[in-house]
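Each chain gets a letter, A, B and so on, in the order the sequences are listed, and its residues count up from 1. Side chains are part of it too, since the values below use all heavy atoms of this structure and drop only hydrogens, waters and symmetry mates. This structure is a prediction, so every number in the text was calculated from the model and none was measured.
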4 protein chains.
Amino acid sequence: MPDTRKPNPARRNERSRQAILAAARELISEMGYARVSIEAIAARAGVGKQTIYRWWPSQGAVIFDSFLDLSRDAEGQGVALPDTGDIEADLKLVMRATVAEFADPRFEAPIRALNAEIINDPELAAQYREKLAGPVDDAKKTRLRSAQQAGQLAADADLDLVLEVLYAPLYQRWLHRSGPLTAEYADALVEVTLKAFRP
Amino acid sequence: MPDTRKPNPARRNERSRQAILAAARELISEMGYARVSIEAIAARAGVGKQTIYRWWPSQGAVIFDSFLDLSRDAEGQGVALPDTGDIEADLKLVMRATVAEFADPRFEAPIRALNAEIINDPELAAQYREKLAGPVDDAKKTRLRSAQQAGQLAADADLDLVLEVLYAPLYQRWLHRSGPLTAEYADALVEVTLKAFRP
Amino acid sequence: MPDTRKPNPARRNERSRQAILAAARELISEMGYARVSIEAIAARAGVGKQTIYRWWPSQGAVIFDSFLDLSRDAEGQGVALPDTGDIEADLKLVMRATVAEFADPRFEAPIRALNAEIINDPELAAQYREKLAGPVDDAKKTRLRSAQQAGQLAADADLDLVLEVLYAPLYQRWLHRSGPLTAEYADALVEVTLKAFRP
Amino acid sequence: MPDTRKPNPARRNERSRQAILAAARELISEMGYARVSIEAIAARAGVGKQTIYRWWPSQGAVIFDSFLDLSRDAEGQGVALPDTGDIEADLKLVMRATVAEFADPRFEAPIRALNAEIINDPELAAQYREKLAGPVDDAKKTRLRSAQQAGQLAADADLDLVLEVLYAPLYQRWLHRSGPLTAEYADALVEVTLKAFRP
DNA sequence: TGGTAAACGAGACGGTACGTCACGTCTTAGA
DNA sequence: TCTAAGACGTGACGTACCGTCTCGTTTACCA
C-alpha cells in the first residue's frame, strides 16, 4: 500500500524548494534536457530525492515549476504591453524581443525541454496554458483590443486566431530549427498578420 | 577493441526491419511514447536488441523511421496537391484532411512522439525537414506557385512564410491542445492566409 | 549543534512506553522480525518516532525491552524452580515446559528475533545474560546445588557447564530447526545430562 | 509485471560469481554483517546489482553461498575425521580445532552473520543443514560409529544427540559470548559427552 | 552444393536511474 | 518540557532499461 497521505504545505522548506528549481534550470542548461535525472537534481540541490517526490508528481512538473519561477522573476506581475497607439510598431517591438529571448542560450534548453514535455503530457499542457501562456496572451489581447477600437484591426477578428497567426510560425521555426530567426522575420510576421486582420 | 565494422545492408533482414518498425508504432500507440523502450520494441518484434542497435543510432531514429515508413505507405510517391484552379477550395480540402488526420488515434501518439523528439534533437530535426516535411512542403509550394501565376496570391510572397502562417497555428493548437481542431478552424486559417498574401 | 541533553526519566510517559513495547511484540509476531521498522512501531503505538529514539539506542534494544517486559509479566519475580527432591523429575518438568513454550506461536517470532539480534550485538548479548538469562540460570543453579547436596549430582560439577549441556542442544535444535522438539527429547536431554554429571 | 524468466546458468559468468562471493566475505569481515548492503557488495565486486539479483534470491542466500564457497576451499571433499582408535583423543583434537576456528577473526563475522540469518529464514536453515552441517556431521557420525564398534560408546546411543551434546554448548557459548572458549573447555565437553554416552 | 562469414535470436553483463521505504535528526504545535 | 506529527537529508532497496558483449543458429553468398 503506497503512502497516500498528503504532505502539509505549511511545513514546506522554502530553501529546499528554491534549490531544487534552481538546480533543475542549471542542469537543463548544462547537459540538455534528456540527460537530466531526478537524482542529479537532488544531488545538485543538496536535497533528498524524497523531497522532490513529495512535492512534484513528475519530472515534467519540476521543469514546469522551475520555468514558472523564472518567469515570475522576469515579469513581476505587470505583464502589460506597450501601447503607443501604433499597433504595428508595438507588435514589432514585442516580437523582436521574443526572437532575442529565443537566441539567449540561458533560455534555449529549458524552453525546449518544457515544450517537449508539454507535447506528451496533457495535464502539463493545461497548466502551461493557464499559468504561463494565459496571462501573457491576455496582456497581448488587451493590446489588440485597443487596436480594434482604434480601427487598426478588424472589429470582428478572433483575437486567439490573431495571436496564433502572429506567434505560431515563430515558435515552430524555432522548435524545428527550420529557418533563421531574425528581426526581419519578426517584422514580416507582424506585417502579414496585420494585413490578414485589417478591417 | 570494439567492433567498428559496418554491417552490410545487402544482408539485412527485411522481415526484422518491418517487425521493428511495426512494433515501435504499436507500442507508442498503446503505452505512450515516454514508456516505450528499446527492450520492449525488441521483445514485441521478436528480435534481438543488437539487431536494433546495429541499424539505428538512437531510439529517436527508430521512431523516425517507423514514421517515415508509415508516410510512405500512405502517400505512395505522388505527393501532388489537387489543382482545380481555385486555391481557396484546394487549400481548404488539404487543411481539412490534416485536421482529420490529427484526430485519428492511430496517428496521434506517434506524431506527438516524433515532434517531442525533434525539439531536443537537431540531427533528427534536419532529417525530418529533409525526408518528411520537405517533400510535402515542396508539393504545397508547387500548388502555391500555380496560384501566384493565376494571380490569386501576391507574386512576391515568400512561400515558406505562407506555409508557416497556414500550418503553424494548426500544429501548435494541436500540440498544445490549446483549442478545438475543426473544419471551420481549417477554413478560417485558409481565408486568413489568403487575405494576408493577396496580391 | 545536536541536542546532547539527556531526557529526564521522571517525566517519561508510561503509557507511551507500554504502547511501544506492545506494538513491537505485535508487529514481530505478525510480520516477522526482518520486516519490522521503527516507523511501523511508532505508527502502531500512536507515538512520535522521536519518543522511541529518545529512550532506546537501537531497534535491538526495543526488541529486547519488549521481551523483558513480556518475561516480567510471565514470571512475576519469583523465579524459583520446583524442588520435590527428585532432580530428574523436576528437570524434566522444566524442560518440557521450555519445549512447550517454544511451540507457542506467540513466542516463536520474538524469541528468534532476540536471538538473531544477540548474535551480532555484544552489548545486547551482555544485557541478555544479565537481565534475562542470568536470573533464570541462577534459579536453575540453586536447584542443581540442592541436587549436589542430595548426592544426585557430582559435588564438583561445573554448574554452568551442566546448564549448557542441558539446554544448548534444545536451543540449537529449535533455532536451526534441525529436528523435532518433543517431550521425549526433553526427557532424553535430562537423562543424558544427569548421567554425564553423576557423582 | 515482474520478470519471471529464469536465467540460463550455462551462460553464467564465473568470474563475477567469485568476485561477488569474495566481496561479500570481505565486507562482512570489515564492517560487520548488519552494515553490509547489496549495493556495497556489487560495488566492491565491480558488478552490476542485477547480476546479484539474477542469481540469488536474497542477501542471506549470497552470504550462505559465500560461506559455502569458503568451506569448499577449506575442506576439499575429503571430510573425514582422524581415527587413531582413541575416541577421546580424536574428539578433543577436533573440538580444539573448532575452538581455534572460532577465534580466527576472518571467520568470526561471517559465521555469526550466517547464524543470525539462519534463525529467521527456514529456507536457509534447510540449506545450511543439507549443504554445510550435513556432510560434516556425517563425517563425525562415521567416527562415532567406529567408537561404538570399539566399545567406547554405548551401542544404542543416538548419534545426533551425541553431536548436539558435544557441539551445541560450544556454539551457544560462542554465539552468546557467555563464557571463554578455551582448549580446556573443549576437553571438558568431550569428557562430559563420553561419560554421558559410555556403554 | 557445401563452406563460411554475416546477421540473427537470445540474453548475461556493468551500469544509471527509477520511485519507494526506512533511517535517524530536526522543527513545529499542542498539552 | 515532553509529546505526536511529520518534513528533512541520506542511502539501500529491488526493478527497468541502457548499450555492449558473447553465445549458438540460421541465412545467403561463393567457391
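Judged by distance alone, with hydrogens and angles left aside, the side-chain atoms of A:R112 form a donor-acceptor pair with the main-chain N or O of B:I119 at under 3.5 Å. Using a distance-only test at 3.5 Å, with no hydrogens or angles considered, no donor-acceptor pair links the side chain of A:D69 to the main chain of A:D65. Although no hydrogens or angles enter the test, the distance criterion places no donor-acceptor pair under 3.5 Å between the side chain of C:E26 and the main chain of C:R44.
With rounding to whole Å, D:R35 atom CZ is found 13 Å from F:dG11 atom P. As a whole-Å value, the separation of A:R11 CZ from E:dG30 C1' is 12 Å. Following rounding to the nearest Å, B:E14 (CD) and E:dC8 (C1') show an atom-to-atom distance of 15 Å. The CG-P distance, from D:N8 to F:dT22, rounds to 17 Å in whole Å. Taking atom CG of residue B:N13 and atom P of nucleotide F:dT25, one finds them 19 Å apart after rounding to whole Å. Distance A:E39 CD to E:dT20 P: 13 Å, rounded to the nearest Å. To the nearest angstrom, P of F:dA28 lies 10 Å from CZ of B:R15. A:I38 places its CD1 atom 17 Å from the C1' atom of F:dT10, with the value rounded to the nearest Å.
Between A:S16 and F:dG9 there is a side-chain N or O to OP1 or OP2 distance below 4.0 Å.
Taking each heavy atom of A:E117 and A:L124 in turn, the nearest pair found is CG-CD2, 3.3 Å.
Within 6.0 Å of CZ on B:R12 lie more than 12 heavy atoms contributed by other residues, nucleotides or ligands. Atom CD of A:E123 sits in a sparse spot, with 12 or fewer heavy atoms from other residues, nucleotides or ligands closer than 6.0 Å.
Mapping B:R12 and A:A40 onto DNA chain E by nearest heavy atom places B:R12 closer to the 5' end of the strand.
Remark: B:R11 fails to qualify as a cation-pi partner of B:W55 under the 6.0 Å distance and 45° angle criteria applied to the six-membered ring.
Just one of D:D121, D:L114, D:L68 meets the side-chain contact (heavy atoms from CB on, under 4.5 Å) condition when paired with D:Y128; it is D:L114.
Near DNA chain E, meaning a heavy atom under 4.0 Å from it, residues 114-127 of chain A has no residue at all. Of the residues in residues 42-58 of chain A, those with a non-hydrogen atom less than 4.0 angstrom from any atom of DNA chain E are A:K49, A:Q50, A:Y53.
Looking at D:R25 and D:E30, no side-chain N of the basic residue comes within less than 4.0 Å of a carboxylate O on the acidic one, giving no salt bridge.
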